[in-house]
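Only one structure is covered here, and it is reproduced in the block below.
None of the values given here were measured: they were computed from a predicted structure.
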Amino acid sequence: MTPQRRQRLILSCLLVAAVGGAVALALTALERNINLFFSPSQVRAGEAPDGRAFRIGGMVVDGSVARGDDLAVTFALTDTAATVPVAYTGILPDLFREGQGIVALGAMRGQVFVATQVLAKHDETYMPPEVTSALQAAHRGRYGDAAGDGYGDGDGDGAGDGDGAGDSYSAPVAGDSYDSGGDSPPQ
């Protein structure tokens, strides 16, 4: 092997090692800074990491908010299928109240979610997409309702059969014959 060829080989190996090291550092940094979202049902099922930061979202259970000393507050969070107790020390958002959807950032300590940050929805019609999909999934799991809305039984007649299994409902969407596009409603 000529000295020139050996230099190219060494330089190529160093370049590959440097790129590999940079990728490894970037992936490590991303892994530490990613906050995954889990619903209360997923937390109760053991899917959430213990002792590692993640986000949890759901509805604050009515009657569960208890205020303690020095801005300490505890409350329960639910997705209608499971409930997780939450402990937080700090000033809660102005829009925080019972029966409202929230997202909290923190970590599990045993059976309690210890929050470092609590985010409340900004008006009465908005709910974070993660919370909405978690509530719908919990509803489907609990009631067997395909759409998560409790309408219909999936056979197209729009009538539920009482057991909730396979229930579905098709809401009007743009392009239907009775949308606001000037078409006439179905007869």
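- In this structure, the side chain of D79 engages the main chain of A82 through a donor-acceptor pair within 3.5 Å.
- One distance of note links CD of Q7 with OG1 of T2; it measures 9.5 Å at 0.5 Å rounding.
- With contacts defined as side-chain heavy-atom distances shorter than 4.5 Å, the pair L119/P93 does not qualify.
- The shortest non-hydrogen separation linking F37 to G57 is CE1-N, 3.4 Å.
- Closest approach of T83 and R44 over heavy atoms only: O-NE, 3.0 Å.
- Counting only distance, with no hydrogens or angles, the side chain of Q42 and the backbone of S39 share a donor-acceptor pair below 3.5 Å.
- In the hydrophobic clustering of ILVMFWY residues, with side-chain heavy atoms under 4.5 Å counting as a link, L71 and L95 come out apart.
- Side-chain atoms of P40 and F113, non-hydrogen and from C-beta on, never get closer than 4.5 Å to each other.
- Contact record, A107 with F54: CA-CE2, 4.4 Å, taken as the closest heavy-atom pair.
- Checking side-chain atoms of D62 against main-chain N and O of G99 turns up a donor-acceptor pair under 3.5 Å.
- Side chain of E98 to backbone of V61: no donor-acceptor contact under 3.5 angstrom is found.
- The shortest non-hydrogen separation linking T80 to T78 is N-OG1, 3.0 Å.
- When side chains are defined from C-beta on, I56 counts as touching V84, because their heavy atoms get closer than 4.5 Å.
- Heavy atoms of other residues, nucleotides or ligands lying less than 6.0 angstrom from CG of L14 number more than 12.
- Pairing each heavy atom of A120 with each of Q100, the nearest pair is CB-NE2, 3.7 Å.
- Between L77 and V60 the shortest side-chain heavy-atom distance falls below 4.5 Å.
- Following chains of ILVMFWY side-chain contacts shorter than 4.5 Å, one cannot reach L105 starting from L36, and the two form parts of different hydrophobic clusters.
- For F75 and Y88, the ring centers are positioned 6.0 Å apart or more.
- Connection of V112 to V73 is not established within any shared hydrophobic cluster, with ILVMFWY side chains joined at heavy-atom distances below 4.5 Å, either directly or through further cluster members.
- Summarising the geometry of A104 relative to A115, their closest heavy-atom pair is CB-CB, 4.1 Å, with the distance given to 0.1 Å.
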Under the side-chain hydrogen bond (donor to acceptor under 3.5 Å, both in side chains) criterion, do R55 and Q117 qualify, and how do the steps go? CA-CA 9 Å; R55 292 179 298 145; Q117 184 178 24; over 6 Å; no

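- Looking at R6 and I10, their side chains come closer than 4.5 Å, going by heavy atoms from C-beta outward.
- In this structure, the side chains of L92 and R97 stay at 4.5 Å or more apart for every pair of heavy atoms.
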